[in-house]
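The first residue of the sequence shown is numbered 1, and numbering continues consecutively from there.
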Amino acid sequence: MILDKSKFDFIIILIGKLLQVAVMIASIKIVTTILEPKDMGYIYIFTTVYTFFVLSFISPFGLYINRKTHKWHEEKTLLDKIGIYLIYLFTVSIFSIFIGYFLYNFGISNNIPKGLFLSLLFIFVFFMSLNQTILPLLNMLHYRLSFIVLMVLTSLGSVIFGYLLVTLFGSSAENWLIGMIASNIIFMIAGYIILTRKIQETFLGFSYNFKKITKVKIKSILTFVVPLSVATIFMWVQNSGYRILIEQNISLEFLGFIGVGMAVSSQIALTVESVVTQYLYPIFYKNITNTTLEIRTQAINYLINKVIPIYLMLAIFLTCLSQYVVEILVDEKYYEVYIFTTFGIWVEFFRMVTSLLGNVSQSEMNTKGFMAAYILGSLITICLVYFSSISNNYKLYLPMALIIGGMVTMTAMYFYMKKIIKFKINFKLIFLSFAISIPYGSIYFLNMDRSIFINLSIVALFGLYFLGAIFLIYKKV
């Protein structure tokens with residue numbers, strides 16, 4: 001029996017994600033084995049600085065590119081638009097050096113030589129962003145196999161190069177970071193070559209394309225991008241910026257511990273989220289291009305009710321099995337961070353649902369409500385994190401602060417997006433998802449000595465149940 005294209009695409013994405021999960025498991029295990037908590041803390045601080053530029057100045061344009069990809073492809077102008085975007089990326093990367101210089105002098109991310117920090121910052125902002133633009137374009141244009149292969153190779157290369165550099169040149173955060181960016185550069189170049197061969201377009205040159213830019217076009221882009229940029233700055237504050245307060249008020253070592261715990265939940269959540277986005281979002285963007293409000297509303301309803309139950313079941317699954325998962329994924333010296341993984345998955349749940357609801361703003365090219373939700377949530381989050389970081393009970397209060405901030409942001413996003421499109425959430429389906437997840441609670445009644453084999457067996461058993469539950473719920477929408 002020959003599979004239809006949608007089923008084939010799903011199988012390709014699923015296989016790719018399973019391979020990425022295997023690489024992720026190896027990556028977390030290796031990095032927590034060869035690096036100390038202080039080094040892990042530095043990686044999280046550097047990532048915080050790097051993601052500020054990405055979220056504030058690059059991601060909003062990335063979303064605009066997603067919204068216009070199919071239109072540009074039909075017009076045979078996609079490579080021309082990428083050329084203009086390349087110049088913009090380079091400008092932001094240069095700008096990051098100047099801002100990074102001041103941050104370094106203020107004591108942020110200053111645990112390595114200044115020149116190395118600024119060089120890494122420029123390279124990460126430019127080349128990592130290019131990788132994360134070029135490869136998803138292959139997916140958006142339904143070249144699924146090429147996209148998945150390059151994504152897996154990028155992840156695998158990051159682990160291999162990072163491990164080799166740490167082994168050869170010493171156990172340090174910067175060697176691991178250099179390994180990561182080396183892999184991203186190599187497979188970004190490969191992705192660009194594949195993209196140009198598949199779409200068969202001709203790049204007409206920078207001067208030609210700059211002449212085509214008009215004030216009307218710039219205004220149209222900025223109307224979409226500026227509110228998103230403001231929103232993503234506050235999104236950064238909520239999801240990453242709090243790490244600076246932890247480093248300054250507590251310690252880099254504690255940041256390493258909480259960072260590892262939160263990273264486990266984040267990596268698992270991102271894996272599930274990326275399966276969803278890589279399979280459903282190209283369909284969603286195609287369905288909202290040049291269509292009526294009624295059709296766009298149907299597309300939003302379909303997307304939301306397909307995805308929220310999956311996110312909820314994942315959150316409950318990891319809440320119950322966090323200790324087993326952490327003991328599989330990290331080195332023994334980090335076993336106690338499972339409590340942060342338990343909190344972290346609910347931070348991720350609210351983040352993912354907020355992002356999901358935010359698709360309404362992109363559908364209608366109306367991003368003001370999107371911006372307001374993140375401003376409100378981030379201000380509450382950063383205030384709660386600050387007071388938690390100066391408290392004696394910071395180990396409990398910090399993750400609770402992040403959860404409360406995430407819940408506020410999600411709630412605000414729900415009401416703001418409702419004003420734009422009257423979408424409907426199937427709460428009966430959400431309740432059914434919760435009911436199906438109750439058996440995970442039986443894990444608390446198990447009383448046995450744990451080993452890596454027992455942990456793997458338990459997670460695999462409940463994981464199969466989790467996949468079956470997803471399949472059951474998915475078929476009901």
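Taking CG of Leu318 as the start and CZ of Phe349 as the end, the distance is 13.5 Å to the nearest 0.5 Å. To the nearest 0.5 angstrom, Ile403 atom CD1 is 5.5 Å from Phe343 atom CZ. One finds the OG1 atom of Thr154 at 11.5 Å from the CD1 atom of Ile185 (value rounded to the nearest 0.5 Å). We find the CZ-CD1 distance between Phe117 and Ile97 to be 10.5 Å, quoted to the nearest 0.5 Å. Leu177 CG to Leu121 CG: the interatomic distance, rounded to the nearest 0.5 Å, is 11.0 Å. Taken to the nearest 0.5 Å, the CZ atom of Phe98 stands 13.5 Å off from the CG atom of Leu103.
The two residues Ser437 and Met313 make their nearest non-hydrogen contact at OG-CG, 3.4 Å. Between Lys71 and Glu75, the shortest heavy-atom contact is NZ-OE2, 2.8 Å. In terms of heavy atoms, Gly179 sits closest to Phe161 at O-CB, 3.5 Å. Closest non-hydrogen pair, Ala173 versus Tyr42, comes out as CB-CD2, 3.6 Å. The nearest pair of heavy atoms linking Leu376 to Ala412 is CD2-CB, 4.0 Å. Here the closest heavy-atom approach between residue Arg243 and residue Tyr44 is recorded as NH1-O, 3.2 Å.
Contact check for Leu79 versus Ile82: side-chain heavy atoms found under the 4.5 Å cut-off. When side chains are defined from C-beta on, Ile178 does not count as touching Phe169, because their heavy atoms never get closer than 4.5 Å. The shortest side-chain heavy-atom distance between Ile15 and Ile148 does not fall under the 4.5 Å cut-off. Inter-residue side-chain proximity for Ile65 and Lys81 is flagged as unmet; no heavy-atom pair is nearer than 4.5 Å. You'll find the side chain of Thr381 reaches within 4.5 Å of the side chain of Leu402, heavy atoms only. Under the 4.5 Å side-chain criterion, counting only non-hydrogen atoms from C-beta, Tyr302 is not in contact with Thr297. Residues Ile300 and Met417 are not in side-chain contact: their nearest non-hydrogen atoms beyond the backbone lie 4.5 Å or more apart. Ile310 places none of its side-chain heavy atoms less than 4.5 Å from the side chain of Ile473.
With hydrogens and angles disregarded, a donor-acceptor distance shorter than 3.5 Å links the side chain of Ser378 to the backbone of Ile375. In this structure, the side chain of Ser355 does not engage the main chain of Met352 through any donor-acceptor pair within 3.5 Å. Judged by distance alone, with hydrogens and angles left aside, the side-chain atoms of Asn359 form a donor-acceptor pair with the main-chain N or O of Leu356 at under 3.5 Å. A donor-acceptor pair is defined here as one N or O able to donate and one able to accept, closer than 3.5 Å; such a pair exists between the side chain of Trp236 and the backbone of Thr48. Side-chain atoms of Lys29 do not come within 3.5 Å of backbone N or O of Leu329 as any donor-acceptor pair. The main-chain N or O of Ile28 is found under 3.5 Å from a side-chain atom of Thr32 such that the two form a donor-acceptor pair. Between the side chain of Tyr88 and the main chain of Ile58, no donor-acceptor pair closer than 3.5 Å is present. Side-chain atoms of Tyr104 come within 3.5 Å of backbone N or O of Lys114 as a donor-acceptor pair. Listed for the Ser155 side chain is a donor-acceptor partner under 3.5 Å among the backbone atoms of Met151.
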Exercise for review: For side chain to side chain contact (heavy atoms under 4.5 Å, CB included), just list the numbers for Tyr143 and Ile194, CA-CA rounded to whole Å, side-chain angles, deciding distance to a tenth of an Å, and then say yes or no.
Suggested key: CA-CA 10 Å; Tyr143 303 122; Ile194 292 171; over 6 Å; no
Exercise for review: Could you check Trp346 against Ile316 for side chain to side chain contact (heavy atoms under 4.5 Å, CB included), going step by step and ending with a plain yes or no?
Suggested key: CA-CA 9 Å; Trp346 289 102; Ile316 298 172; 4.2 Å; yes
Exercise for review: Apply the test side chain to side chain contact (heavy atoms under 4.5 Å, CB included) to residues Leu141 and Leu195: give CA-CA distance (whole Å), side-chain angles for both, the deciding distance (0.1 Å), then the verdict.
Suggested key: CA-CA 9 Å; Leu141 296 173; Leu195 179 67; 4.1 Å; yes
Review point. Taking it one step at a time, do Thr77 and Asp80 satisfy side-chain hydrogen bond (donor to acceptor under 3.5 Å, both in side chains)?
Key: CA-CA 5 Å; Thr77 60; Asp80 291 328; 5.9 Å; no
Exercise for review: Could you check Ile112 against Phe46 for side chain to side chain contact (heavy atoms under 4.5 Å, CB included), going step by step and ending with a plain yes or no?
Suggested key: CA-CA 10 Å; Ile112 64 173; Phe46 177 83; 5.8 Å; no
Point to revise | Test side-chain hydrogen bond (donor to acceptor under 3.5 Å, both in side chains) applied to Asn305 and Lys424, step by step | key: CA-CA 8 Å; Asn305 289 300; Lys424 295 179 180 179; over 6 Å; no
For residues 127-140, which side-chain N or O atoms pair as donor and acceptor with protein atoms under 3.5 Å away, sequence neighbours left out?
| from | atom 1 | to | atom 2 | distance (Å) |
| --- | --- | --- | --- | --- |
| Ser129 | OG | Val125 | O | 2.5 |
| Asn131 | ND2 | Asn184 | O | 3.0 |
| Thr133 | OG1 | Tyr85 | OH | 3.1 |
| Thr133 | OG1 | Ser129 | O | 2.8 |
| Asn139 | OD1 | Arg144 | NH1 | 2.8 |
| Asn139 | ND2 | Gln278 | O | 3.2 |

Distance-only criterion, 3.5 Å: show the donor-acceptor pairs between side-chain atoms of residues 404-411 and protein atoms not counting sequence neighbours.
| from | atom 1 | to | atom 2 | distance (Å) |
| --- | --- | --- | --- | --- |
| Thr409 | OG1 | Gln238 | OE1 | 2.9 |
| Thr409 | OG1 | Gln238 | NE2 | 2.9 |
| Thr409 | OG1 | Gly405 | O | 2.9 |
| Thr411 | OG1 | Met407 | O | 2.9 |

Listed pairs under 3.5 Å, donor-acceptor, residues 260-277 side chains, sequence neighbours left out:
| from | atom 1 | to | atom 2 | distance (Å) |
| --- | --- | --- | --- | --- |
| Ser265 | OG | Met262 | O | 2.8 |
| Thr271 | OG1 | Gln267 | O | 2.8 |
| Glu273 | OE1 | Arg351 | NH1 | 3.3 |
| Glu273 | OE1 | Arg351 | NH2 | 2.9 |
| Ser274 | OG | Lys17 | NZ | 2.9 |
| Ser274 | OG | Leu270 | O | 3.0 |
| Ser274 | OG | Thr271 | O | 2.8 |
| Thr277 | OG1 | Glu273 | O | 3.1 |
| Thr277 | OG1 | Ser274 | O | 3.1 |

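Atom NZ of Lys419 has 12 or fewer neighbouring heavy atoms from other residues, nucleotides or ligands inside a 6.0 Å radius.
Ring-plane geometry between Phe124 and Tyr50 is classed as perpendicular, the angle between the planes exceeding 60 degrees on a 0 to 90 degree scale with a lower cut at 30. Using bins of under 30°, 30° to 60° and over 60° for the plane-to-plane angle, the ring pair Phe122/Phe126 lands in the parallel bin.
If you look at Phe423 and Tyr414, their ring centroids are closer than 6.0 Å.
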